[in-house]
Amino acid sequence: MPDITLLAVFLPTFFFVSITPGMCMTLAMTLGMSIGFRRTLWMMLGELVGVALVAIAAVMGVASVMLNYPDVFSILKWLGGIYLVYIGVNMWRSKGKMAIIEGQQTPNVSNIELVSQGFLTAIANPKGWAFMVSLLPPFINVQREVAPQLMALVSIILFTELISMMAYAAGGKSLRIFLSRGDNIKWMNRIAGSLMIFVGIWLALS
């Protein structure tokens, strides 16, 4: 286990970073508005798996190697960004699996697609890799066994990420409830689609 003092510093630091609006948080809010809170949990599952892999890679030194090969990130970023923009455009036009259709309670998107969205967004974010490389290793005491320390820190990371995404998804769901009081389904799709397009462009150009 890491030192209690280090944990006391690490927890608020990473929570502040997690709760700050970012690609994954915006995606959580968008999906919370379009497909609801519960279905968005599947995207969160994929995102958490991706974040865990990035965190472990950062400690193992794999991230440093990855950051030295930007072409790998370019491919991931552009593929992920184009995919999210494609989904966003369809949502904006009230088409596709992610769009809210009148008379249909939730869009008919598969759980696998949601998990894939979260996972791809997490691992294709170069800022996430760079952040893990700079923040995580200093909290590892090389004089102690690394595995228990890494497990504790990754658990904190995943917990703070989950709480933050749940907060954003809940906010998106609240926005959906507010907009659905009138005949605003088209605008709900356009808002969610615009946010999805924004996340896709952000991912591709970051």
Checklist outcome for this item: When every non-hydrogen atom of Q149 is compared with those of E145, the smallest separation belongs to NE2-O, 3.0 Å
Checklist outcome for this item: Residues G50 and I123: closest non-hydrogen pair is CA-CG2, 3.7 Å
Checklist entry - Does some side-chain heavy atom of E47 sit less than 4.5 Å from a side-chain heavy atom of L27? => result no
Checklist entry - CE of M165 to CG of L45: how many Å apart, nearest 0.5 Å? => result 9.0 Å
Checklist outcome for this item: Between the CD1 atom in I82 and the CD1 atom in I201, the distance rounded to the nearest 0.5 Å is 11.0 Å
Checklist outcome for this item: side chain to side chain contact (heavy atoms under 4.5 Å, CB included) test vs W42 passes for just one of M44, R39, R38, namely R39
Checklist entry - Closest approach of I157 and A55, non-hydrogen atoms and distance? => result CD1-CB, 4.3 Å
Checklist entry - For the residue pair C24 and M43, what are the closest heavy atoms and their distance? => result O-CE, 4.3 Å
Next on the checklist: Could you check whether any side-chain N or O of T40 sits under 3.5 Å from a backbone N or O of G32, counting only pairs where one atom can act as donor and the other as acceptor?
Outcome noted: yes
Checklist outcome for this item: Residues L158 and V51: closest non-hydrogen pair is CD2-CG1, 4.2 Å
Next on the checklist: I'd like to know if the side chain of E113 pairs up with that of S116 as donor and acceptor (distance under 3.5 Å, no hydrogens or angles considered).
Outcome noted: no
Item to check | Exercise: identify the closest heavy-atom pair between F37 and A170 | outcome: CD1-N, 3.8 Å
Checklist entry - To the nearest 0.5 Å, how far apart are OH in Y168 and CE in M33? => result 14.5 Å
Checklist outcome for this item: Output for pair (T30 OG1, I197 CD1), nearest 0.5 Å, gives 10.5 Å
